[in-house]
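To start, the structure itself, in structure tokens.
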Number of protein chains: 2
Amino acid sequence: MLDDGAQPPGGALYRKVAADLRESIAAGEYGSGGKLPAESALAERYGVSRGTIRQALSALRADGLVTSRRGTRRVVLGTTRVQSFAELVSFTNWARSLGEEPGGRVELLERRPADAEECEQLRLDDGADVVLVLRVRTLTGRPVMVERSVYPVWVGELLTGIPADAVSHTEPLQEQGVVFADADHTIDLVLADEEDARLLGCRAGEPLLRERRRSTDPVGAPLEWSEDRYLPGTVAFTVHNSIGRSALSRRHRSAP
Amino acid sequence: MLDDGAQPPGGALYRKVAADLRESIAAGEYGSGGKLPAESALAERYGVSRGTIRQALSALRADGLVTSRRGTRRVVLGTTRVQSFAELVSFTNWARSLGEEPGGRVELLERRPADAEECEQLRLDDGADVVLVLRVRTLTGRPVMVERSVYPVWVGELLTGIPADAVSHTEPLQEQGVVFADADHTIDLVLADEEDARLLGCRAGEPLLRERRRSTDPVGAPLEWSEDRYLPGTVAFTVHNSIGRSALSRRHRSAP
DNA sequence: TGTGCCATGTTGGCTATACAACTTCCGTCA
DNA sequence: TGACGGAAGTTGTATAGCCAACATGGCACA
């Protein structure tokens, strides 16, 4: 038990405890709807302080795996959940975790001046350049999504050396020290334009699920501003939130 | 400073600190991209321990308001964000927070045996009854969303006494001690059927943004299983996630 | 000039303790 | 039998302290 296997801040004790508890829960050790041992009991079992246990449980709580209420033991909510942040930011990681073969092709990679929204999103000065990458992503050969990403030049020029049929873009970036730490996602619906239709092999005007995403590094510097358009029926987005911890919100759009 | 104004577990010190910091950030006191004071400085300012400050900052971190990295002071990511959990679960609260007039009409309220998925989602035995509520929701008179919710009978029968034109359903439930604590959302795309078209005043086959939601109480008991269908262009869902704290996930659907 | 090292500031992680608030259950008493 | 009350168990909140890991800037040295 207490197997290792995390890379971000790696060796933290509470992460190992959390990982072990996740496994136990997924294995049904406490049943679905069953009660977890008390914090003090877990502290003794793992040989750590109650504070560390609480740190671990807080992570499970945020993932929606367990409840937490003053006065009673924690209850198992779901038996499995959660994708790592890496699986969300990287299409490649996600596909692999599904057992599907990720693919993709760069349709366009160019450097050009940023427009108003790109400046806003990437916090660039007016007139600054950005690198635009247009890619079609496939799952086991089938086109699933078209991705239009713009990067600040200092990020984008790291991508110019990558072959056009490279499976992953985020992995080489990570290797060069670019760390994706935060992301804001906006999900709505959009109709395919002619370019979408051509790239995805659908008809123009067909509805697509759109995810716009702004990713930042640990310091808060914008790394990527991307608009992904998914063919319907291929993906769904799931979110968990709880009272006092709601990363999800619903936004109104008065002007279509 | 340190204004009150939270109702769930109300009086916690770290919540007041967090609320105060939120205000300061929203007021631009540290600038966008600016540095927050050190934890120790904040601890002294508020007259609390560093642990309490860290608890408050952890909440802001989860909301994506500030960064956190070992070695450097925290940086302001965004100036404003976040809706309370109540605004997400309740259409009424949400609409009010937008300054729009929420409306709605119950098209159908009936008690009937649950089907297979409803049993699964609400953790009911086979053959158990559920209460189905079909409602059209309007924003300042304009129909925006159709909501199909099923409740376990013990929740549903609390709704039967409510007038058909009642604005909110969740509020009367809360008053009777039903607390919504956790929710799982799945967002995807669906085409309007005849009923949707009739209720929303659109054409059948038109694309709609669908949110399926399962809400549970603090003990983990399912309270509601709902499917909401939004007219395109009226809403967008936004999610924030960060490395190590990802409540969002992307799911594959192999069989449409 | 430029490079590398070190002191300092800052957050992450962990422990220990104490009390408050709440739930559950059991036993007592009417 | 039923209601009330209290004891025990459990999580929430807060404090204090310690060290490690990391970032930054300045200083010394080549």
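Each chain gets a letter, A, B and so on, in the order its sequence line appears, and its residues count up from 1.
- Distance, B:K35 NZ to C:dT10 P: 10 Å, rounded to whole Å.
- Remark: A:T52 is not in phosphate contact with C:dG13, judged by side-chain N or O atoms under 4.0 Å from OP1 or OP2.
- Proximity note for A:T72 (side chain, C-beta onward) versus C:dT23, D:dT11, C:dG13: the nearest is C:dT23.
- The main-chain N or O of A:L36 is found under 3.5 Å from a side-chain atom of A:R73 such that the two form a donor-acceptor pair.
- In this structure, A:R213 pairs ionically with A:D228, as a charged nitrogen and a carboxylate oxygen lie closer than 4.0 Å.
- In this structure, of C:dT24, D:dA23, D:dT11, it is D:dT11 that holds the atom nearest to the side chain of A:R73.
- Not counting sequence neighbours, the partners of B:V155 by the side chain to side chain contact (heavy atoms under 4.5 Å, CB included) test are B:Y151, B:P152, B:L173, B:L223.
- When the C1' atom of D:dT15 is taken as reference, atom CG of B:L13 falls 11 Å away, rounded to whole Å.
- Each of A:R69 and B:S68 lies near DNA chain C, and the nucleotide nearest B:S68 is the one positioned closer to the 5' end.
- Atom pair A:R74:CZ and D:dG9:P shows a separation of 19 Å (rounding to whole Å applied).
- Distance alone, capped at 3.5 Å, is enough to place a donor-acceptor pair between the B:R214 side chain and the B:Q121 backbone.
- Protein atom CZ of A:R54 is 6 Å distant from nucleotide atom C1' of D:dT11, rounded to whole Å.
- If you measure from atom CZ of A:R70 to atom P of D:dT13, you get 6 Å, rounded to the nearest angstrom.
- Relative to the side chain of B:S49, the nucleotides D:dT11, C:dC14, D:dT15 differ in distance, and D:dT15 lies closest.
- If you take CD of A:E39 and P of D:dT10, they are 10 Å apart, rounded to a whole angstrom.
- Whole-Å rounding puts the B:R61 CZ to C:dG12 P distance at 9 Å.
- The CZ atom of A:R50 sits 12 Å away from the C1' atom of C:dA20 (whole-angstrom rounding).
- Comment: A:E39 engages A:R74 in a salt bridge, judged by a side-chain N to carboxylate O separation of less than 4.0 angstrom.
- The side chain of A:Q55 lies closest to C:dG13 when the candidates are C:dT11, C:dG13, D:dT24.
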